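What you see is a predicted model, and the numbers here were worked out from it, not measured in a lab. Each chain gets a letter, A, B and so on, in the order the sequences are listed, and its residues count up from 1.
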Amino acid sequence: MPEQLTDKIVQLALRRGFFNPTAEIYRAPAGFYDLGPLGALVKSNLVSFWIDEFVRRETSYEVFLIDGSLILPYDVLKASGHVDKFSDPKASCKSCGRIYRVDQLIEEALGLKVEGKSLEELEQIVKTRGVRCPHCRGELSDFREHHLMFKLSVGGAEESAFLRPETAQNIFLNFKRITYGMRAKLPFGVAQVGKSFRNEIAPRQSVIRLREFSQMEIELFFAPNDERGPRGFEEVADTEIRILTREEQLHGGEEPIELKAGDAVAEGIVPNRFLAYYLAKEVRFFKLLGIPPENTRFRHLLPEETPHYSGGNFDLEVKFSFGWKEIVGNAYRRDYDLTVHSRGSGEDLSIDNNGVKMIPHVVEPSFGVERIIYAILEHSYREGERDWPLLKLPRIISPIKAAIFPLLDRENLTSKALDVYYALKRSRKAIPVYYDDRGSIGRRYARADEVGVNLCITIDYQTLQDDTVTVRDRDTAEQARVKISDLEDLIYNDMFRLEGV
RNA sequence: GCGGCCGUGGUCUAGCCUGGACUAGGACGUGGGCUUUCCGAGCCCAAUACCCGGGUUCAAAUCCCGGCGGCCGCACCA
């Protein structure tokens, strides 16, 4: 059985410090991962790049970046619907201890539809109809709700609260202040990057399904009757997007249709231009991250997969070695969130749009950070191009931008190399670099390639004569000789080199 | 959460079935030393492992039970 790509990526991640299970030395519960030194750099680079592309350099409307609390009071999540929707009724068998989902047990045993019934009602049904453990016929007891949210109690009064199950809620909670404080006019966006928490039953696949994970999200607020869409929509209207339609899925098909973002709206497949704008933007974003469009598709979620208020959800799925997997969720949530929070809080969250009072609609692209990191790793991993593995990370994402090597471990070369290294370290540009003089030069190139170091700088005997060094490019392995005085700018410019668009 | 398979240094693994000679072997990697004038060269030295707990036994990496973790399938996945 050949070794799978996922195994290789996970091994590399462990070995070289990209990520590893949390509290490994204690064998802690699954679903938590720490980013190591290189992983932390990759994440920080990815987040910065995303903020650049979706917030700072956004010219179609204003996007405000906020940073909200991870702990949210019970009432917020009750109003949003999470308290009710994010829990499953469970019970355990008195004699064998197995745990079951009560609703499924009843449906299987009695063929009854019990959706929407309360825990107490379900317990009644089990008791009166004599539903028993399917495994050992034991009596069922200990009926309780399994929350997919982590429950907390806050302060002396032990007020009930949860770790947020998505970043989005903070944005709705801050909506009124942002519209006032920033004098925001529709359309405008609010972005947030941060942790979310879901107490998954079975977290799996390393960093793909976590109980604690990071999201990069935008809530884009707009007037529902705004058919012009974002400023500059024309610029992205020709972008080809690949959509796995509902019809195709109903036939069990896997083939996406390909059409222009503008046409997708015109043909009524994508509900509005704001959503289509993001779909097009995402295609470009991931292309820059080394994930080609042909390895992506937008899956139009089926009606039963989306909440009743959804105006259409399109998951951006990427082709991994183990199959297609969602890495961005794009949801048209209409006015649901602001409406329920108006009702829940008693605060009027409508907005004055050119003299008309209204509750704006919202489109929400939500990016899963860890999944994207994993996708980038898989798509940049190369075997066979060299005698060792090579990680062709996008240059802007790679954790280390340059490595400094003396050609040989000789005093005159190492001291010169360290001079170059410290000069780069001290630079105001704060470029991540490292110094290595261990083993042969070839081995050092191999070590650098394996973690995607963009450039390798070698100090040789000629350096001692004329203050020039060789610069080796990771992707071509070609070398150029450059002046030491030009190095800082060269490395700095190189790390912003984008390929793909 | 259910079912199946699995858990040996940093990584991959040999050994487990058929308990004892296992002071647990190897490869790669790592640290140190020598060597080395541009793509994992070579030599020497060193450190590091039987997931945790209980049981059976004169004796457990090996057999049994439980926990934790991993993989796969089902379920779940705003």
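Residues A:Q4 and A:S321 bring no donor and acceptor atom of their side chains to less than 3.5 Å of each other. Remark: the A:H300 side chain and the A:E248 side chain contain no N/O donor-acceptor pair separated by less than 3.5 Å. With no hydrogens or angles considered, a side-chain donor-acceptor pair links A:T458 and A:Y445 at under 3.5 Å. Defined by atom type and a distance below 3.5 Å, a donor-acceptor pair is missing between the side-chain atoms of A:D436 and A:Y434.
Taking only side-chain nitrogens and oxygens, A:R438 comes nearer than 4.0 Å to OP1 or OP2 of B:rG33. Between A:R16 and the phosphate of B:rU11, there is no side-chain N or O to OP1/OP2 separation shorter than 4.0 Å. Considering only side-chain N and O atoms, A:R447 lies nowhere under 4.0 angstrom from the phosphate OP1 or OP2 of B:rC39. Distances shorter than 4.0 Å separate none of the side-chain N or O atoms of A:T458 from OP1 or OP2 on B:rC38.
Among the protein residues, A:R101 comes within range of the sugar-phosphate backbone only, with heavy atoms under 4.0 Å from sugar or phosphate atoms but none that close to a base. No engagement by A:P406 is indicated, since no non-hydrogen atom pair under 4.0 Å with the nucleic acid exists. Note on A:L408: a base of the nucleic acid sits closer than 4.0 angstrom, heavy atoms only. At the heavy-atom level, A:P29 lies under 4.0 Å from the strands shown only through sugar-phosphate atoms. Within the nucleic acid shown, A:Q104 comes within 4.0 Å of sugar-phosphate atoms alone, with no base atom in reach, counting heavy atoms only. Counting any heavy atom pair closer than 4.0 Å across all strands shown, A:Q215 reaches a base atom. Among the atoms of the strands shown, base atoms are found under 4.0 Å from some heavy atom of A:D409.
When each of B:rA41, B:rG40, B:rU37 is scored by its nearest atom to the side-chain atoms of A:D387, the top-ranked nucleotide is B:rG40. Side-chain atoms of A:L14 lie closest to B:rU11 of the nucleotides B:rC71, B:rG70, B:rU11. For A:D460, counting side-chain heavy atoms from C-beta on, the closest listed nucleotide (B:rU11, B:rG40, B:rC38) is B:rC38. Set against B:rC76, B:rG70, B:rU36, the side chain of A:R209 has B:rC76 as its closest nucleotide. Ranking B:rG1, B:rC76, B:rU37 by closeness to the A:L148 side chain, first place goes to B:rC76.
Between A:F197 and A:F150, the ring planes are perpendicular. Angles over 60° get that label, and only those under 30° would be called parallel. Ring orientation note: the planes of A:F221 and A:F175 are tilted relative to one another, at an angle of 30° to 60°. Between A:F285 and A:F367, the two ring planes are perpendicular [angle over 60°; tilted spans 30° to 60°]. Note on ring orientation: taking the six-membered ring where Trp is involved, the planes of A:F54 and A:Y278 are parallel (angle under 30°, cut-offs 30° and 60°).
Rounded to an integer number of Å, the gap from A:L210 CG to B:rC77 P is 17 Å. Taking atom CG of residue A:D437 and atom C1' of nucleotide B:rC34, one finds them 15 Å apart after rounding to whole Å. Atoms CG (A:D436) and C1' (B:rG29) sit 14 Å apart, rounded to a whole Å. One interatomic measurement links the two molecules: CD1 of A:I201 to P of B:rG3, which rounds to 15 Å at whole-angstrom precision. Straight-line distance from the CG atom of A:N412 to the P atom of B:rU37: 13 Å, rounded to whole Å. Here the P atom of nucleotide B:rU30 and the CZ atom of A:R443 are 6 Å apart, to the nearest Å.
Going from the P atom of B:rG20 to that of B:rG66 covers 25 Å, rounded to whole Å. Taking atom P in both B:rC17 and B:rG4, the straight-line distance is 22 Å, to the nearest Å. Taking atom C1' in both B:rG32 and B:rA47, the straight-line distance is 11 Å, to the nearest Å. To the nearest whole angstrom, the two C1' atoms, one in B:rA21 and one in B:rU62, are 15 Å apart. Separating the C1' atom of B:rC68 from that of B:rU30 is a span of 29 Å, rounded to the nearest Å. Across the C1' atoms, B:rG1 and B:rG25 are found 41 Å apart, a figure rounded to whole Å. Separation of the P atoms belonging to B:rG53 and B:rC28 is 33 Å when rounded to the nearest angstrom. When the C1' atom is used for both B:rG15 and B:rU8, the distance is 9 Å, rounded to whole Å.
When both distances must be under 3.5 Å, the Watson-Crick or G-U wobble mate of B:rU18 does not exist. Base pairing analysis places B:rA46 opposite B:rU30; the two distances defining the Watson-Crick or G-U wobble pair are each below 3.5 Å. Base pairing analysis places B:rG9 opposite nothing; no Watson-Crick or G-U wobble pair with both distances below 3.5 Å involves it. In this structure, B:rU56 makes no Watson-Crick or G-U wobble pair, since no nucleotide meets both defining distances under 3.5 angstrom. The base-pairing partner of B:rC74, taking Watson-Crick or G-U wobble contacts with both distances under 3.5 Å, is B:rG1. Under the Watson-Crick or G-U wobble criterion, with both distances below 3.5 Å, B:rU37 is left unpaired in every strand shown.
Judged by atom type and distance alone, A:R204 does not reach the base of B:rC77 through any side-chain donor-acceptor pair under 3.5 Å. Contact of A:Q479 with B:rC38 (side chain to base): a donor-acceptor pair of N or O atoms is detected under 3.5 Å. Checked by distance alone, A:Y445 brings a side-chain donor or acceptor within 3.5 Å of a matching partner on the base of B:rC38.
Under a cut-off of 6.0 angstrom, the local environment of CD in A:Q462 is crowded, with over 12 non-hydrogen atoms contributed by other residues, nucleotides or ligands. No more than 12 heavy atoms of other residues, nucleotides or ligands sit less than 6.0 Å from atom CZ of A:R129.
Applying side chain to side chain contact (heavy atoms under 4.5 Å, CB included) to A:V369 and the options A:V207, A:L35, A:L46 leaves one that passes, A:L46.
RNA chain B is contacted by A:T470, A:R472, A:A477 of residues 470-478 of chain A, taking any non-hydrogen atom closer than 4.0 Å.
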